Number of protein chains: 2
Amino acid sequence: MPWGIRLAALDRSLISRLPLFQGLTPDEQSEILRSARSSRYPKDSAIFEQETEAHSFFVLVAGHIRVVRTTPDGQQVIARYISEGEIFGVAAALGRTTYPASAIAAVDCVVLAWANALWPELTRRFPAFGATTYKTVGTRLQETQTRVVEMSTEQVEQRVAHALLRLANQTGRKTASGIEIDFPISRQDIAEMTGTTLHTVSRLLSKWEDNGIIVSGRQKVTVKDAHRLVVLAENRDKG
Amino acid sequence: MPWGIRLAALDRSLISRLPLFQGLTPDEQSEILRSARSSRYPKDSAIFEQETEAHSFFVLVAGHIRVVRTTPDGQQVIARYISEGEIFGVAAALGRTTYPASAIAAVDCVVLAWANALWPELTRRFPAFGATTYKTVGTRLQETQTRVVEMSTEQVEQRVAHALLRLANQTGRKTASGIEIDFPISRQDIAEMTGTTLHTVSRLLSKWEDNGIIVSGRQKVTVKDAHRLVVLAENRDKG
DNA sequence: CGGACAATTTGCGCTGGCGCAAACTCGGGA
DNA sequence: TCCCGAGTTTGCGCCAGCGCAAATTGTCCG
């Protein structure tokens, strides 16, 4: 449950730097913001749940969100992570009435939400807003297809290496010892991103740590030698 | 290569029955059609190729199209099949400048094409056209994610069963002996849809044929007992 | 500061499905 | 009609990665 609060005065600076709102004038940004509702979600709470009626779409202002699909028999697959500034839960824009997955706060999050009913008007009045959203959707479709290709053609080791590299690129934070993934991520999470088991992920990370490619701890991974990880990821065993 | 022909008079009846053009008046349909170019593509020819500049988007008027992604080392994965009436190659609508996959005619095809430059105007003047397209995109994103989930959680046998059921539902033709997939599809094709090898697919189909669940021939599969195939597809081994 | 739980590591045995190879068969073109 | 090549079938051996189980290590909370 969010400890939902309608912030007294949403600051335009919250969103003005986001790609989604580029190409809009300050006045337009303020206006869009006025129709938004802001909420905080504590770590591990759900912003929305799979199969439930889609009432809103969202922008992540701060934090990290895990998008999870659960199978009828309870197995979970992580569809993607949402980073700061991204739009998500855009079921409305794609003509769906329910959310196809759940969105879970990986850390405490701040989120803006708009009622789906506002979507048509927003896109009509601010075409750039719709175009950017659809561009994001296009990117996600392509990324998802890339994942299908990886799962079809790569070994587990390559898939896990690819996943780590992607996380490091998208959400990595430079530290003294390397690029650290800046939200808590477990072996189980990585397994659910790559279609393997936490045991296999653990074995791989242990090996890589021995080789000095990464350092890792409890729910934490730091990539020390991205280059060697790339080599592993692209290893052409099965040509 | 298409033996491209600009048909003298495109008949509105070509498209009036398609969901994509529902909600448009006959006049509007005719007008949209006027800005289209029609081409025929013989079996196995490419409508467009992966990574090439996206110049147009398309509607399949007749035939079946295979959408294929090829990896740097030459392995192929079938992203989906396009059936009559579907829109495809909508890179423009999603802000991409190149096609993320190749589209290959699985049989002789008839295709309508519009220059990407027309997209903004078409969606502006015919909002229902854009909405339907984005709904299709949403469906495909969800289907692709479902495929990721299947590849993460199911055994090969279940995945192949699911793939056959999907093909039977989407493009099946009722015959005396069952539901026949009405375009040529090889064991290799099925393998590329499910992330396995043609050998494994062949073994599974042989077994199913022995069990009377399907009958199959060269580039041909007919589902005789869909119900038992569903049981195989949903088999909860790993619960 | 101590307990309890969650996350991680690691060993061991097994097997689903792949790689390789060879035989076979259908269908279409000369 | 015959031949050729693409598509298919099937046997065999192997191994990547899983399932199971148990030990170990952090971390948070009282």
Side-chain angles (χ1 to χ4, degrees), chain A residues 42-44 66 73 75-76 106-108 150-161 163-164 181 183-211 214-222 232 235-239, chain B residues 42-44 66 73-77 106-108 150-161 163-164 181 183-211 214-222 232 235-239:
Chain A
K43 182 169 174 350
D44 295 328
R66 192 169 56 233
D73 56 312
Q75 296 187 77
Q76 298 199 328
V107 296
D108 290 356
E150 285 184 6
M151 299 204 60
S152 297
T153 62
E154 296 181 353
Q155 312 263 105
V156 167
E157 181 167 23
Q158 299 170 62
R159 299 206 302 268
V160 175
L164 278 193
I181 295 167
F183 55 86
I185 184 166
S186 70
R187 308 292 184 265
Q188 176 70 36
D189 291 333
I190 298 174
E192 289 177 5
M193 297 179 67
T194 52
T196 180
T197 63
L198 79 162
H199 308 280
T200 298
V201 171
S202 176
R203 281 182 256 264
L204 287 170
L205 295 199
S206 295
K207 187 177 72 173
W208 293 345
E209 186 143 16
D210 290 347
N211 296 347
I214 65 167
V215 290
S216 73
R218 186 167 265 239
Q219 309 207 78
K220 187 163 83 73
V221 179
T222 304
L232 284 177
N235 183 23
R236 298 281 153 69
D237 273 350
K238 321 290 177 69
Chain B
K43 182 167 166 11
D44 296 329
R66 192 168 59 234
D73 56 312
Q75 295 188 77
Q76 298 199 327
V77 173
V107 295
D108 290 356
E150 285 184 5
M151 300 205 59
S152 296
T153 63
E154 296 180 353
Q155 311 264 103
V156 167
E157 181 167 24
Q158 299 170 63
R159 300 207 301 268
V160 175
L164 278 194
I181 295 167
F183 55 85
I185 184 166
S186 70
R187 308 294 183 263
Q188 176 71 35
D189 291 332
I190 297 173
E192 289 176 5
M193 298 179 67
T194 53
T196 180
T197 62
L198 80 160
H199 307 280
T200 298
V201 171
S202 177
R203 279 182 257 265
L204 286 171
L205 295 199
S206 295
K207 187 176 71 174
W208 293 344
E209 186 142 18
D210 290 346
N211 296 349
I214 64 167
V215 290
S216 73
R218 186 167 267 236
Q219 309 205 77
K220 187 162 82 73
V221 180
T222 304
L232 284 176
N235 183 24
R236 299 280 153 70
D237 272 351
K238 321 291 179 68

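On a predicted model such as this, the values are computed, not experimentally measured, just so you know. Order of the sequence lines sets the chain letters (A, B, ...), proteins ahead of strands, with each chain counted from 1.
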Looking at five pairs on each end of the helix from C:dC1-D:dG30 to C:dA30-D:dT1, what is the angle between the two axes, given to 10 degrees? 40°

Length of the line joining B:Met151:CE and D:dC18:C1', which is rounded to integer Å: 16 Å

Tell me: CD of A:Glu154 to C1' of D:dA16, nearest whole Å? 15 Å

Name the closest nucleotide to the A:Gln219 side chain, picking from C:dA7, D:dC18, C:dT9. C:dA7

Could you check whether any side-chain heavy atom of B:Thr196 comes within less than 4.5 Å of a side-chain heavy atom of B:Met151, counting everything from C-beta outward? no

B:Glu154 backbone acceptor or donor facing B:Arg159 side chain under 3.5 Å: yes

Report, one pair per line, the protein and nucleotides 23-25 of chain C atoms (nitrogen or oxygen only) whose separation is under 3.5 Å.
residue, atom, partner, partner atom, Å
C:dT25, O2, B:Arg218, NH2, 3.0

Just by modelled atom types, is the A:Leu198 backbone N or O under 3.5 Å from a matching donor or acceptor in the A:Ser202 side chain? no

Quick one: the side chain of A:His199 and the base of C:dT8, do they pair up donor-acceptor inside 3.5 Å? no

To the nearest Å, give me how far apart NZ (B:Lys207) and C1' (D:dT8) are. 18 Å

If you define the side chain from C-beta out and look only at heavy atoms, does anything of A:Glu157 sit under 4.5 Å from A:Asn235? no

Mind checking what makes side-chain contact (heavy atoms from CB on, under 4.5 Å) contact with A:Ala161, not counting sequence neighbours? A:Trp208, A:Leu229, A:Leu232, A:Ala233

B:Ile181 versus B:Lys220: any side-chain heavy-atom pair under 4.5 Å? no

B:Thr200, nearest nucleotide to its side chain (from C:dT8, C:dC18, D:dT9): C:dC18

List the residues meeting side-chain contact (heavy atoms from CB on, under 4.5 Å) with A:Thr197, not counting sequence neighbours, and say none if there are none. A:His199, A:Thr200

Residues of residues 185-198 of chain B with a heavy atom under 4.0 Å from any atom of DNA chain D, listed by number, are B:Ser186, B:Arg187, B:Leu198

Validation row: A:Arg187, A:Ser216 side chains within 4.5 angstrom (heavy atoms): yes

Quick check against the 3.5 Å criterion: does B:Asp108 have a side-chain atom that pairs as donor or acceptor with the backbone of B:Lys43? yes

Close side-chain approach of B:Ile185 and B:Ile190, heavy atoms under 4.5 Å: yes

Partner set under side-chain contact (heavy atoms from CB on, under 4.5 Å) for B:Ser186, not counting sequence neighbours: B:Gln188, B:Asp189, B:Gln219

Rounded interatomic separation in angstrom, taking CG from A:Leu232 and P from D:dA16: 15 Å

Could you give the CZ-to-P distance, from B:Arg159 to C:dG16, as a whole number of Å? 14 Å

Rounding to a whole Å, what distance do you find between B:Asn235:CG and C:dG16:P? 12 Å

Rounded to whole angstroms, how far apart are CG on A:Asp44 and C1' on C:dA6? 12 Å

Please report the distance, rounded to the nearest Å, between CZ in B:Arg203 and C1' in D:dG13. 12 Å

